[in-house]
Each structure stands twice: as C-alpha cells, then as structure tokens.
There are 2 protein chains.
Amino acid sequence: MNAPRTARERARAELTREILAAARRQLGEVGPSALSLRAVARELEMASSAIYRYFKSRDELLTALILAAYNDIGDAAESADDPAAEPAERWTAIWRGVRAWALDNPHEFALLFGTPVPGYAAPQETAAAAGRMPLALARVVADAKAAGVLDLPPAPPCDPALIELDLTTLLPDVVFTAEETARILLAWNRLVGIVSYELHGHLVGVTADDAGFFDYAARTSGAFAGLPL
Amino acid sequence: MNAPRTARERARAELTREILAAARRQLGEVGPSALSLRAVARELEMASSAIYRYFKSRDELLTALILAAYNDIGDAAESADDPAAEPAERWTAIWRGVRAWALDNPHEFALLFGTPVPGYAAPQETAAAAGRMPLALARVVADAKAAGVLDLPPAPPCDPALIELDLTTLLPDVVFTAEETARILLAWNRLVGIVSYELHGHLVGVTADDAGFFDYAARTSGAFAGLPL
DNA sequence: GAAAGTGCAAGAGCGGTGCTCTGATTTATG
DNA sequence: CATAAATCAGAGCACCGCTCTTGCACTTTC
C-alpha cells in the first residue's frame, strides 16, 4: 500500500475504493449470494469488464469485503469496550456492540459467519482481522485475571490437548490456562451463535424478548468465563 | 398425501421423488446456492421447464429439501438416543449423532442453519420438523428431571418473561421452568454453533482436536442444563 | 370405439449472471 | 514527439431461473 505517485495510480486507488463502497452498499441490500459484479459496474457507470482490472474475480471482491467486515465488527467490539468499567459491564457492552453491528449489517455478518460461498475459502490474510472481535472478549477476561478477580465456576474439565490457540501470543502479559481459553472460545461461539439464530429467525416463537435473552446469554457466558458478578 | 389412484398420479409421485432425490444429490455436491433446476433436469434427462410441473419454483424445491433435511437431522438425533442409558451418555450420544450427520451432510446442514437464501423465508410447515432435534435434547433433560436427578449449577437467573417457548406442549408430563428451558435453548444453540464453526473453518488453528473439543462442549452444555455427572 | 377434454413435456425466448477476448483510447515515459 | 504501458468499452460464451406457446399422449365421457 504505497502512496500513489502518479495521477494514474491515484485514479486507480480512488476507483478501487469506489468499487468496494458500491459493493458494500449492494451487499447490504441484496446479500452476499446476490452480489453482482455487473450491478456494481452499472452503479459506477462503467463496463462490467472494467471491474476485472481491479478485482480479478468476484471471489476476490468478496475477500476484500470480508476483510472490511471483520475489521468493522472488530471496531464495533473494541469501541464498545470501556476498559475502565467493571469486567461484567465491559463484557456485556462488547456483546451488545457486536449484536448491534450485526443487526445493522446482517448481510455482512452472514458473510463472516454464515455459509461460505461455494468453492471459496477465506484466505489466511483475513485471520488477523477475524481475531479482533474474540480478542476483545479475551481482553476483558485477561484484565479480570490480572486484577485477581477471575472466578471460574465449576464445570467439566478441559483437556489442554484439545486447545491449539495460545492467547499469550496475542495478549502478552497474561497466561491463560487451557480451561480459561476454552471457556472464552465457547463464549465467542455463543455470541456468534445467538446472533445468528436471531438473524436467521430460529428464535421466532422461542424467545419473547430477543434483546433480553441476548443479555441473559451474555451474562451466563461471562459468568462461565469467570467474570465476577 | 393421498395414495395415488390412477397410473397418472403414480407416475407423477414417482417423478417427484426422483426430482427430489436428484436435487439432494446435487445439493450434496455443489451446495444450496449453486443448486440448479436445469442441472437437475439434465440429470433426469427431461426438459428444464418440465420441472416446474412438479415444483413451481426453485424456492419450493428448496423448501422440500429443507423439510427433508430437518427430518433427517431429527432422525439422526433421535436414533442416537438410547433412552435406557444414563442422561449424560444420552446427551453426548445425541450431540455426536448430530455432528456426524452434519459432517456427512455439510451442505444440508448449511441449508438449515447457514445463511438463508436471498428473499426466501422458511414457511411455517417446517417448524415441526425443525423442532425434532432440539426436542431430543429436551427429552433427556425431561427424563432426568422426572427421575429427580436434575441438578442445575448456579448461574445468572433467567427472567421468565424472556422465554416464549413452552416445552410442555411438546413434552407433556413434564413442566420446565423458564430457567430450565433457557438452558436447553442455549445448549441447542451451542450444538449448532460449534458444528457450524467446525464446518466453516472457524476452529482452524484454534482447537487441536475438533471431536474432543466438541465432546467437551457437549459435557459443559449438559452439565449447565442440569444433567448429573 | 370415437370424440372431447386434460395433464404434461418440449422448445424458444427473456433478462440476468461471471468471465474472457479484442480492439481502441488514454496516459506516462524515453 | 513517439513509443510503450495501462485502461477501457463492447461483443461474446456458457450458464442461470423462469415463462409462454405448441403439440403430444393419455383419460374420460358420450
């Protein structure tokens, strides 16, 4: 990502951004599977073939959108977090931030956590961005542990051999046990799972108050991860 | 669903089954979004337009596939359950049964719990079939409660106003508290969530042993739902 | 048994898709 | 200024879901 020097490069960077912006707008309207390169081209009043100068396939455009969405949801999680607040409040705030983002951007959420597109596999480069949201959750637990207030309720033990992820590489200064890491993973999975259920209509006729049930899930998950209160 | 009387009706029912079978086969190969009516027609060596005599749109075919998949996963859950076994064993067996089915039929699982197709909303008629799998989980908890061995570990309370679902209508003879119902719902959501994560590759580099981690999730979920052991 | 009526398959066609190839045009550089 | 590189529009390929009309084959009725 060098700074553009020539007018040509500037125009190229500009157009790339415009294509991405138009694609995001379209994505929000019609969903990932209906995202059409031709429609994006139409909106930008350019030939459909011209887009291929900027993204050499529809999948590559999707990858760019996925990366943007991961960073977006990561922003939502991080900006919802107030490191000065109590652990349980921070936790709930992050959960709510993620849910709010997902309700505002259902198609982008689906792009991240829904069915992957046919043959497509998310390239490695998205991993770092993908980790930001769960990392925000882990940070709360880490701070609670550092403050000595972490309190893991009894539950079946977790064999350390099951866990590969080492959060220490991402959160220095804190050493998590496999037990703690596993519980954070389950919490992350639950957050995404509950939001997915709500978005996909699996809670219709099941819960009476989606937001309230979501908060309940956040509380139980936080408690399970060891947060006090 | 009357029994076919005339030869005509018999042929029609036969062809309907063949179309569905071919569509399922295709679904397993290319995924829901790439399911093509024309390809199904090609496989059956009939005109693409002829399919519309049997399913009046692609969505209607999808609905039939969804219904079949819900019943399939319901079968998997129920047949994995041995009512004579201990609650925790029954629970884990159902979880494993569902996971095994999902790994064998990833596209059909995605059809049920992944991103819904664009404008499509699952019609009401699928609800009963959709409930069979979670109901199998609830049945284990119900039996444990009836046997007086249900033991809910401490956790943040659940406001009964949050829950609409009344399992008593589905499982007579047992009365669940909102607390218990909520925990079963969370367990159901976790089961689907973990399997989805595994299928979509969100656990790559995170867990070292997917099956082991899955069992761990099953145990913690079972314990949280109140099953002994 | 023939005629009237009906269910169904086939084919052409509409507008859409992702993607590629071919010239033409614009831009930057020697 | 001329040459080389980058970019563009457009035509075209093979596919998609879906609709409409036509004609065939089977049923039912007279």
Side-chain angles (χ1 to χ4, degrees), chain A residues 2-20 22-23 25-27 29-66 107 111 116-121, chain B residues 2 4-20 22-23 25-27 29-66 107 111 115-121:
Chain A
N2 293 335
R5 304 200 57 78
T6 73
R8 197 177 212 120
E9 284 171 2
R10 202 129 42 95
R12 183 182 179 81
E14 173 89 9
L15 238 180
T16 304
R17 269 195 303 275
E18 277 186 35
I19 292 172
L20 250 168
R25 208 173 321 126
Q26 276 224 354
L27 183 67
E29 286 170 10
V30 300
S33 61
L35 196 157
S36 148
L37 269 179
R38 287 170 118 102
V40 171
R42 262 197 305 276
E43 183 174 329
L44 265 44
E45 289 182 326
M46 61 197 304
S48 62
S49 57
I51 304 247
Y52 289 84
R53 298 279 155 187
Y54 299 85
F55 298 92
K56 67 172 180 292
S57 76
R58 185 173 170 273
D59 280 6
E60 196 172 299
L61 214 185
L62 272 180
T63 298
L65 290 172
I66 287 174
H107 290 120
L111 192 59
V117 300
Y120 175 88
Chain B
N2 293 335
R5 302 201 61 77
T6 73
R8 208 185 200 106
E9 284 172 3
R10 205 127 42 95
R12 183 181 179 82
E14 173 88 9
L15 238 179
T16 304
R17 268 194 305 275
E18 275 186 37
I19 293 173
L20 251 169
R25 208 172 321 129
Q26 277 226 351
L27 182 67
E29 285 170 12
V30 300
S33 62
L35 196 157
S36 149
L37 272 178
R38 287 170 117 101
V40 171
R42 259 197 307 275
E43 182 173 332
L44 265 45
E45 290 183 325
M46 62 197 303
S48 61
S49 55
I51 304 247
Y52 289 85
R53 296 281 156 188
Y54 298 85
F55 298 93
K56 66 173 181 292
S57 76
R58 183 173 171 272
D59 280 6
E60 197 171 298
L61 212 186
L62 271 180
T63 299
L65 289 172
I66 288 175
H107 290 120
L111 190 61
T115 318
V117 300
Y120 175 90

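What you see is a predicted model, and the numbers here were worked out from it, not measured in a lab.
- Rounded to a whole Å, the CZ atom of A:Arg53 is 12 Å from the P atom of C:dT22.
- Closest approach of B:Val40 to B:Ala23, counting heavy atoms only: CG2-CA, 4.0 Å.
- One can place CG of A:Asp59 at 17 Å from P of C:dT17, the figure rounded to the nearest angstrom.
- In this structure, A:Ile19 atom CD1 and C:dG18 atom P are separated by 13 Å, rounded to whole Å.
- The footprint of chain A on DNA chain D, defined by a heavy-atom cutoff below 4.0 Å, extends from D:dA6 to D:dG12.
- Between the side chain of A:Arg38 and the base of C:dG18, a donor-acceptor pair under 3.5 Å is found.
- Partners of B:Glu18 by salt bridge (Lys or Arg N to Asp or Glu O under 4.0 Å), not counting sequence neighbours: none found.
- Considering only heavy atoms from C-beta on, A:Leu62 stays 4.5 Å or farther from A:Phe55 through its side chain.
- Looking at B:His107, its side chain never comes within 3.5 Å of a backbone N or O of B:Pro32 through a donor-acceptor pair.
- B:Arg17 meets the salt bridge (Lys or Arg N to Asp or Glu O under 4.0 Å) test with B:Glu14; sequence neighbours excluded.
- Following rounding to the nearest Å, A:Ile51 (CD1) and C:dT17 (C1') show an atom-to-atom distance of 14 Å.
- Scanning both residues, A:Ser33 and A:Arg58, for their nearest heavy atoms gives O-NH2, 3.3 Å.
- Mapping B:Leu15 and A:Ser48 onto DNA chain C via the closest heavy atom, the residue that lands nearer the 5' end is B:Leu15.
- Direction of the helix axis in the helix from C:dG1-D:dC30 to C:dG30-D:dC1 shifts by 10° between the two five-pair termini, rounded to 10°.
- Interface remark: the B:Ser49 side chain does not form any donor-acceptor pair with the C:dA9 base, using a distance-only criterion of under 3.5 Å.
- To the nearest angstrom, P of C:dG18 lies 10 Å from CG of A:Leu61.
- Here A:Phe55 lies out of heavy-atom contact (under 4.0 Å) with every strand.
- Regarding contacts with the backbone of C:dG15, every side-chain N or O of A:Arg42 stays at 4.0 angstrom or more from both OP1 and OP2.
- Take A:Glu29 and apply the salt bridge (Lys or Arg N to Asp or Glu O under 4.0 Å) test, not counting sequence neighbours, and it matches no residue.
- Here the CD1 atom belonging to A:Ile19 is positioned 4.5 Å from the CD1 atom belonging to A:Ile51, to the nearest 0.5 angstrom.
- Between A:Ser36 and the phosphate of C:dG18, there is a side-chain N or O to OP1/OP2 separation shorter than 4.0 Å.
- Within the structure, every pair that satisfies the side chain to side chain donor-acceptor pair (under 3.5 Å) test and touches residues 45-57 of chain B, not counting sequence neighbours, is listed here: B:Lys56-B:Glu60.
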